[in-house]
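Take a look at the structure below.
Please read these numbers as outputs of a predicted model, since none were measured by experiment. First listed ligand is number 1; within each ligand, the first listed atom is number 1. Numbers for residues simply follow the sequence, beginning at 1.
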Amino acid sequence: MKIAVIGTGYVGLVTGVSLSEIGHDVVCIDVNKEKVAKMQKGISPIYEPGLSELMTKNIAAQRLSFTSDHRKGLQQADVIYIAVGTPENADGSAELSFVVQAAENIVDCIEKDVIVVTKSTVPVGTNDMIKGIIQSQLTSDLKVEVVSNPEFLKEGSAIHDSFHGDRIVIGADSEHAFNVIEKINQPFNVPIFKTDIKSAEMIKYASNAFLATKISFINEISNICELLGANIENVSTGMGLDQRIGSQFLKAGIGYGGSCFPKDTKALIQIAGNVAYEFELLKGVVNVNKKQQGLIIRKLNDCLPNLTGKKIAVLGLAFKPNTDDLRESASILVTDELIKQGAEVVAYDPIAMDNAKNVLNSSVRYADSIAEAIENSDAALILTDWDEIKNVELSVFNKMKTPLVIDGRNCFLVKDMETHGIEYRSIGRPVAAKQIEVTPI
Ligand SMILES: NC(=O)c1ccc[n+]([C@@H]2O[C@H](COP(=O)([O-])OP(=O)(O)OC[C@H]3O[C@@H](n4cnc5c(N)ncnc54)[C@H](O)[C@@H]3O)[C@@H](O)[C@H]2O)c1
């Protein structure tokens with residue numbers, strides 16, 4: 001069985017590498033020649049724990065290769081995965097031009113019957129559209145089947161998730177397609193759920209929208225906790241003990257970011273809107289998240305209303321720990337606003353700084369360590385809960401001009417910050433005010 005994967009982003013590369021690891025013969029295709037050249041040398045273009053090791057191993061075993069030549073990659077494939085991006089259009093709907101392009105690449109290059117498997121997150125009905133494009137443009141009588149196989153990996157633990165996922169969803173309309181894709185995936189030893197194509201497409205959006213809803217819900221509760229003097233961490237723990245609720249995705253913070261939740265929630269609102277259904281709950285989720293992303297600046301302005309000439313350290317730039325991805329990260333909005341208010345911004349992230357330099361405002365300066373970033377600063381903002389940040393010696397904050405820490409991810413215990421004399425404002429928890437030393441008379 002020869003497998004081709006179109007698109008080698010966070011999903012395509014992890015898919016290709018994981019399928020080769022379970023023994024399949026895989027070729028990954030990308031239009032980005034620079035990326036392909038790197039991957040051919042065994043260098044991963046993205047940071048994902050465990051990915052480089054598996055890449056090197058499977059390239060050496062000659063089960064994994066990379067090309068930017070669609071014909072070379074596709075002509076002999078039995079199964080072709082589409083894993084190209086589906087970013088957001090200006091109106092929030094999913095931009096499908098990369099998917100259409102991939103379908104056209106398939107038409108141009110295949111020389112045998114194939115099953116096309118859509119991994120990209122696509123609106124309900126898109127697999128029918130892909131099938132339509134291929135069937136209407138094919139000049140030969142090759143048989144092409146289309147399967148929806150949405151991806152549920154989490155950036156930062158994508159390799160682990162491929163081998164320990166909760167489920168693999170296969171949406172198909174023929175026994176043959178079900179059987180082939182089930183057989184390919186069996187070695188992962190992850191439960192397989194078989195369904196119709198449209199339901200498979202909807203499962204992906206509904207799952208992401210539900211998780212985003214949990215996050216916006218707990219963030220709203222945390223804001224109310226602050227006003228009432230309750231502690232969100234105790235509330236989340238108490239809620240999470242109820243198995244009907246579950247403890248995951250109940251961590252309050254400054255909102256969700258990344259390449260999926262923001263765009264998928266908005267796309268689902270559009271998908272519903274297209275059939276004249278107003279998804280009111282999800283609109284609320286999106287609005288709450290937007291508001292929550294600005295919370296850290298509001299908290300900073302409560303302490304420092306005038307940021308002109310103030311040095312502000314920003315710790316953590318990736319949208320979450322263990323990834324170098326900055327797509328829709330709070331760091332974009334926060335650093336823009338700090339600069340707009342006249343602050344001098346010094347940023348640090350353990351992994352994402354190279355990407356940040358291409359994304360963030362060019363006035364942002366970068367430090368090589370937490371200590372360097374906060375030295376002589378007027379405030380430190382924590383945007384990503386990297387282990388390196390959570391485990392930092394708290395005495396490091398004494399290097400600041402004034403030890404004021406505003407933590408968007410609740411990385412530290414309030415009482416520990418209080419003991420260290422740090423003014424500490426976090427999310428949904430009491431404020432640790434700086435201990436004022438009283439000089440004896
Ligand atoms: N990133 C995630 O955590 C995640 C998780 C689950 C699902 N998804 C979904 O998976 C899809 C891919 O996401 P991603 O984050 O991997 O995207 P990405 O933008 O990181 O990667 C897409 C890749 O496809 C390549 N490409 C585009 N058109 C091509 C073509 N015609 N031929 C060959 N290569 C082409 C691009 O050069 C790029 O390298 C999206 O639909 C996304 O919503 C992403």
Looking at [Y], is [X] sitting on its ring face, NZ or CZ under 6.0 Å from the six-membered ring centre and within 45 degrees of the normal?
| X | Y | answer |
| --- | --- | --- |
| Arg167 | Phe152 | yes |
| Lys214 | Phe249 | no |
| Lys390 | Phe412 | no |

Any atoms of ligand 1 less than 4.0 Å from a non-hydrogen atom of [X]? List them with their elements.
| X | answer |
| --- | --- |
| Ser120 | 10 (O), 11 (C), 41 (O) |
| Glu155 | 1 (N), 2 (C), 3 (O) |
| Lys263 | 42 (C), 43 (O) |
| Ser259 | 1 (N), 2 (C) |
| Gln101 | 31 (N) |
| Gly9 | 16 (O), 18 (P), 20 (O), 21 (O), 23 (C) |
| Asn105 | 30 (C), 31 (N), 32 (N) |
| Ala83 | 12 (C) |

Do [X] and [Y] have side-chain N/O donor and acceptor atoms under 3.5 Å apart?
| X | Y | value |
| --- | --- | --- |
| Thr67 | Asp69 | no |
| Asp30 | Thr8 | yes |
| Tyr256 | Asn208 | no |
| Ser331 | Ser329 | yes |
| Gln270 | Asn89 | no |

Would you say ligand 1 has an N or O under 3.5 Å from any N or O of [X]?
| X | value |
| --- | --- |
| Glu151 | no |
| Asp30 | yes |
| Val11 | yes |
| Tyr10 | yes |
| Arg327 | yes |
| Lys35 | yes |

- Excluding sequence neighbours, so at least two apart, what forms side-chain hydrogen bond (donor to acceptor under 3.5 Å, both in side chains) with Lys266?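 Partners of Lys266 by the side-chain hydrogen bond (donor to acceptor under 3.5 Å, both in side chains) criterion, ordered by chain and then number, come out as Glu88.
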May I ask you to identify the nearest protein heavy atom to [atom], giving residue, atom name and distance to one decimal place in Å?
| atom | value |
| --- | --- |
| atom 9 (C) of ligand 1 | Thr121 OG1, 3.4 Å |
| atom 34 (N) of ligand 1 | Val31 N, 3.3 Å |
| atom 32 (N) of ligand 1 | His70 NE2, 2.8 Å |
| atom 22 (C) of ligand 1 | Gly85 N, 3.6 Å |
| atom 24 (O) of ligand 1 | Gly7 CA, 3.3 Å |

- Query: Which of these, Thr86, Ile29, Val84, has its nearest heavy atom closest to atom 11 (C) of ligand 1?
  - Reply: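 The residue whose heavy atom sits nearest atom 11 (C) of ligand 1 is Val84.
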- Query: Can you name the ring-ring contact (aromatic ring centres under 6.0 Å, His included) partners of Phe163, sequence neighbours left out?
  - Reply: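 Phe163: ring-ring contact (aromatic ring centres under 6.0 Å, His included) contacts with Phe188.
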- Given Lys204 and Glu151, is the salt bridge (charged side-chain N to carboxylate O under 4.0 Å, His left out) satisfied, shown in steps? CA-CA 8 Å; Lys204 175 63 194 176; Glu151 180 55 62; over 6 Å; no
- Work out whether the distance between some heavy atom of Lys154 and some atom of ligand 1 is less than 4.0 Å.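 For ligand 1, residue contact (heavy atoms, under 4.0 Å) with Lys154 is absent.
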- Does the side chain of Ile80 reach to within under 4.5 Å of the side chain of Ile115, using non-hydrogen atoms?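 When only atoms from C-beta onward are counted, Ile115 and Ile80 do not touch, as no gap falls below 4.5 Å.
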- State, yes or no, whether a side-chain contact exists between Glu155 and Phe319 at a heavy-atom distance under 4.5 Å.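 Yes. Closest side-chain heavy atoms under 4.5 Å.
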